[in-house]
Each structure stands twice: as structure tokens, then as C-alpha cells.
Amino acid sequence: MSQSHTQDDKKLNTLDPNWRSDALDLGLDYGMQTIAVRAGHHRTDEGEHSEAIFTTSSYVYASAVDAAAHFNGSKTGNVYSRHTNPSVRTFERRLAALENGERAVATASGMGAILTMCLAYLKAGDHLLAANQLFGSSIGLFNNYMTKFGIEVSYVDCFDNDAWAKAVQPNTKVIYCESPSNPLAQICDIGYLSELCKANGILLVVDNCFATPALQRPLDLGADVVIHSATKYLDGQGRVLGGALVGSDKLMQDAFTVVRSGGISMSPFNAWVFTKGLETLKLRMQAHCQNANQVAEFLANHPNVSTVHFSGLSDHPAHALATQQHHMQGGYGAIMGFEVQPQARSDAGIRDAKAAAWHVIDATQMLSITNNLGDAKTTITHPATTTHFRLSAEARAEAGVKDSLIRLSVGLEDVADIIKDLARGLDSL
């Protein structure tokens, strides 16, 4: 479990009075929903019930000696909000507890968290091995910038365990994957990858953005670091940007040093929004998953849909693995990709793949046409021309991003209305 106040006291030197003990003693083995509502809050002398927002850039010290003690580390406390802020710390502690990690480090965005991971755990001459099936911006960061600084990058199919093993090199330092992945919601065998990494002295980093700790805890499955775009489900309402890394105290100290030096910092207000979002995360994910399961069944049975990429379907190749790795019964996430296949028509013939996909998207009247996901509102997008458009045609093909593919993030509306909106375009192909 994450740190309790007793463990904190042992780790810290002199404790600043402003760093209060956690309001919830995590050593008492509370359930996930209790942790989501109460963990990480350090109540001030004002006695506030709801978490406060500390919109301050700096802090005041009792004396020059006190200031020096904070800066040289002999006294643990707030120094500067670029790297120590009570609102951010509350979010970090709550997320760490939910992911069953020792510590979390918050960042300005999900991509900021991935950049922090690269800077913390890789150097020139190292090799990063990643899944083909990744968010387009992640591939762009790895290919365009990490290689620029002498880091070797290669990719394998996330499903192919033999390919992972064969691609490991003596200089491989990090294996990186998303599970479920963007946009096809593929599932990686985290347990297998953990064994592979441990046998070769490699860090396993898993992006848990789509599943969240409500469905899956990669650290419990053997991962070393968990990555989040908090912008997605941790907020849940598409309001603010943020990211986070979770793992051991040692690994997170390396990440914290990057954030402190590089300024990849989360704002106090955004941290407060995420903290409040965590309170309802499990409840929201249950509702998201229930809707998604019904939408996936509708799509799988529609004559103008050729393929549905969603592990909740019993015939999906990773259904058994997803069931094993996701601890919420019936919870497979709410992101899916589906490929359209229009039937022959007597009038204008068959639309090409992109035109058919765009027709389905444009025919919706309620769904939000946007690249964001993890929102209470259902969102729909065409990955080949939005989230993955910067990739070459060859790279998109390797990632399975076809012109016929539509990505759907199933929201919290009445599921009958979501299905009705999708049917408008699918029925008229």
C-alpha cells in the first residue's frame, strides 16, 4: 500500500508543521472507494472538510535558518510550487494509494509524464523498446526527440510475446506499453513483460490511462512505473490537463528531480480538480464500462461494421487476458475502435474507407467529435486524420490505424441514445 503517516515520519528528517499526517491511515487497509474519497488530505489549522487549493508560488519561513533548512533538505517541507505544493501533493498521495504505489509525481500533462519518464530513466546509448500500438504523440516524442539525443527506439506488436523477447538488446533499459492501447484498446500481457524485464534488468513502464486503477493496477502485475494522462478518466469531465507517474519511492525520486529541474509541473488548481475527480473514479468507471459493453455488442452485430476492437467481447483474442488483468468484474474500459464496411449500394456505389468513416462521424447529432477521451460525454474521432495523422502511412499501418477505423470513447449518457446516434450514420452507409 502507499505510504502511511507512520512510514512518512520514518522517511523524513525534520518534518515541517505544514506537512500534516495523512487524514486517512492507509495502514488500516481501507477499500479503494474510501481511499479515493479521503486519502492524501492534509487538513490545515482552518479545519477545512474539503481539500483546499493552495494558489501560491512560494512559502514563508520562520527565519533564515529555517529557510536554509528547507532548501538544503534537513527539514522537509514546502520550498517552491514548481515542485512542492500542498494541493499537488494531495493528488499525488491519493493516486499513489489507489495504484498501490509508494509515491506519485504529478506533471503538467500526460505527455509531460512520458517525457519525464524518458529523461529520468534513459540516457544516450540506451534502448527503448515500445509497443507498435501507442498514442501518436508518444511515437512522435520517441522517434523525433529521444533519437535526437542518442536513444535507440524500436517497436514490436504488443500481442506478440516472442517478439518482445527477441527485440530485447543488451542496452535495453525501458519497455513501454499502453494497456489497453490507443486507439485499438489492445491488451499487453503485463505479467509476462514483467518477468522479461526482471530477467534482463529492464524497467517496465505501463500507461494505465484507459483502465485507471479502478480496473487495473499494473504495479500489482509486476510493472515498475505507471503512467497517466490525468486529463482523461482521472478528471472525467474534460476540464483540465495533467499527468502523473507512480512507482517506488526511489524511481519516483528520479522522476521528481526531472520535474523539479525541468518545470514540467502541475498547477495547484488542476491538482485540486483531479483530486475531486478521483472521488468518483470507481463509480464512473463502472458506469462507463456498463455502457461500453452494450455499445460494443451493438457494433459487433451491425452489418456495416467489419471489426470491433474491444476486449470485452468474448471473441476478442485478448478477452481472457483482459479478464485476468482487470480486477473489476465486467470492466474492460470504455475505449474501442471499430472499422466500417459499407454494403454495396445501387445509387452512388460504395464510399471509400475514409469517406465511410467520416460519414458515420458526421451523421451523429449528440456525440462530440473531438480527439479527447475519458469524458462523461461520449466522444468520437477518426484516428488516421487526427490523433495519428502525423505518423507516416507505414507507421499507421503497423499500428493498425486504418482509414476505416473510428475511435469511440463511451460516455455516461443513456446508452440507448449513444447507440441511436451511432446508428444514424451506420444505417445509411
Under the side chain to side chain contact (heavy atoms under 4.5 Å, CB included) rule, what do Leu122 and Val174 come out as? Steps first, then yes or no, please. CA-CA 8 Å; Leu122 295 167; Val174 170; 3.8 Å; yes
Using a 4.5 Å cut-off on heavy atoms from C-beta on, say whether the side chain of [Y] contacts that of [X].
X      : Y      : result
Trp358 : His382 : yes
Ser368 : Ile380 : no
Ile335 : Leu408 : no
Tyr332 : Leu215 : no
Gln186 : Ser179 : no
Ser311 : His319 : no
Met117 : Ile227 : yes
Leu234 : Leu281 : yes

- Query: Is Asp421 salt-bridged to Arg424, cutoff N-O under 4.0 Å?
  - Reply: yes
Under a 4.0 Å N-O cut-off, is there an ion pair linking Lys402 with Glu339?
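Result for this pair is yes, salt bridge flagged.
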For [X] versus [Y], what's the shortest heavy-atom pair and its separation?
X      : Y      : value
Val88  : Ala106 : CG1-CB, 3.7 Å
Gly333 : Ala292 : O-CB, 3.5 Å
Ser181 : Phe210 : O-CE2, 3.2 Å
Arg217 : Leu98  : NE-O, 3.1 Å
Leu299 : Val305 : O-CB, 3.3 Å
Ala357 : Val340 : N-CG2, 3.7 Å

Please work out whether the ring planes of [X] and [Y] are parallel, tilted or perpendicular, with thresholds of 30° and 60°.
X      : Y      : answer
Phe274 : Phe91  : tilted
His83  : Phe256 : perpendicular
Phe135 : His388 : perpendicular

**Item:** His70 and Tyr61 aromatic centres sub-6.0 Å
**Value:** yes
Would you tell me whether [X] and [Y] have side-chain atoms, one donor and one acceptor, within less than 3.5 Å of each other?
X      : Y      : value
Asn143 : Tyr155 : yes
Gln169 : Glu152 : yes
Arg407 : Asn371 : no
Asn372 : Thr370 : no
Tyr59  : Ser81  : yes

Can you establish whether the number of heavy atoms outside [X] located under 6.0 Å from its atom [atom1] is more than 12?
X      : atom1 : value
Arg38  : CZ    : no
Trp164 : CH2   : yes
Glu48  : CD    : yes

Going from [atom1] on [X] to [atom2] on [Y], what distance comes out if it is rounded to the nearest 0.5 angstrom?
X      : Y      : atom1 : atom2 : result
Ile114 : Ser109 : CD1   : OG    : 8.5 Å
Glu413 : Lys377 : CD    : NZ    : 8.5 Å
Met285 : Gln290 : CE    : CD    : 11.5 Å
Ser137 : Arg390 : OG    : CZ    : 6.5 Å
Leu219 : Asn100 : CG    : CG    : 7.5 Å
Phe159 : Leu184 : CZ    : CG    : 8.0 Å

Donor-acceptor check, side chain of [X] to backbone of [Y], threshold 3.5 angstrom: yes or no?
X      : Y      : result
Asn200 : Ile202 : no
Thr172 : His127 : no
Gln325 : Cys188 : yes
Thr84  : Val79  : yes
His326 : Gly331 : yes
Gln216 : Thr212 : no
Asn270 : Ala108 : no
Asn291 : Gly411 : yes
Thr107 : Gly243 : yes
His302 : Ala423 : no

Listing request: all side chain to side chain donor-acceptor pair (under 3.5 Å) pairs with a residue in residues 111-124, at least two apart in sequence or in separate chains.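 Counting only pairs at least two positions apart or across chains, the side chain to side chain donor-acceptor pair (under 3.5 Å) contacts touching residues 111-124 are Lys123-Asp126.
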| Can you name the side-chain hydrogen bond (donor to acceptor under 3.5 Å, both in side chains) partners of Glu99, sequence neighbours left out? |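 If we apply the side-chain hydrogen bond (donor to acceptor under 3.5 Å, both in side chains) test to Glu99, skipping adjacent residues, the hits are Asn208, His228.
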### Task
Take Thr147 and Phe142, measure what side chain to side chain contact (heavy atoms under 4.5 Å, CB included) needs, and give me the verdict at the end.
CA-CA 7 Å; Thr147 56; Phe142 297 157; over 6 Å; no
When you look at Leu141 and Met146, which way does the side chain to side chain contact (heavy atoms under 4.5 Å, CB included) test go after all the steps? CA-CA 7 Å; Leu141 173 66; Met146 292 303 104; 4.2 Å; yes
Tell me every residue that passes side-chain contact (heavy atoms from CB on, under 4.5 Å) with Thr386, counting only those two or more places apart in sequence or in another chain.
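Checked Thr386 against side-chain contact (heavy atoms from CB on, under 4.5 Å); matches are Thr381.
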Residue set satisfying side-chain contact (heavy atoms from CB on, under 4.5 Å) with Ala167, at least two apart, ordered chain then number -> Leu129, Val156
From CA spacing to verdict: side chain to side chain contact (heavy atoms under 4.5 Å, CB included), Asn78, Arg89: CA-CA 10 Å; Asn78 299 316; Arg89 189 164 61 252; 3.0 Å; yes
Residue pairs meeting salt bridge (charged side-chain N to carboxylate O under 4.0 Å, His left out), one or both in residues 265-289, sequence neighbours left out, come to Glu51-Lys276, Arg94-Glu279, Lys276-Glu279
Can you list, pair by pair, the side-chain donor-acceptor contacts under 3.5 Å of residues 190-197, counting residues two or more places apart and other chains?
unit_1	atom_1	unit_2	atom_2	d
Tyr192	OH	Asn161	O	3.1
Ser194	OG	Lys198	NZ	3.0
Ser194	OG	Gly222	O	2.9

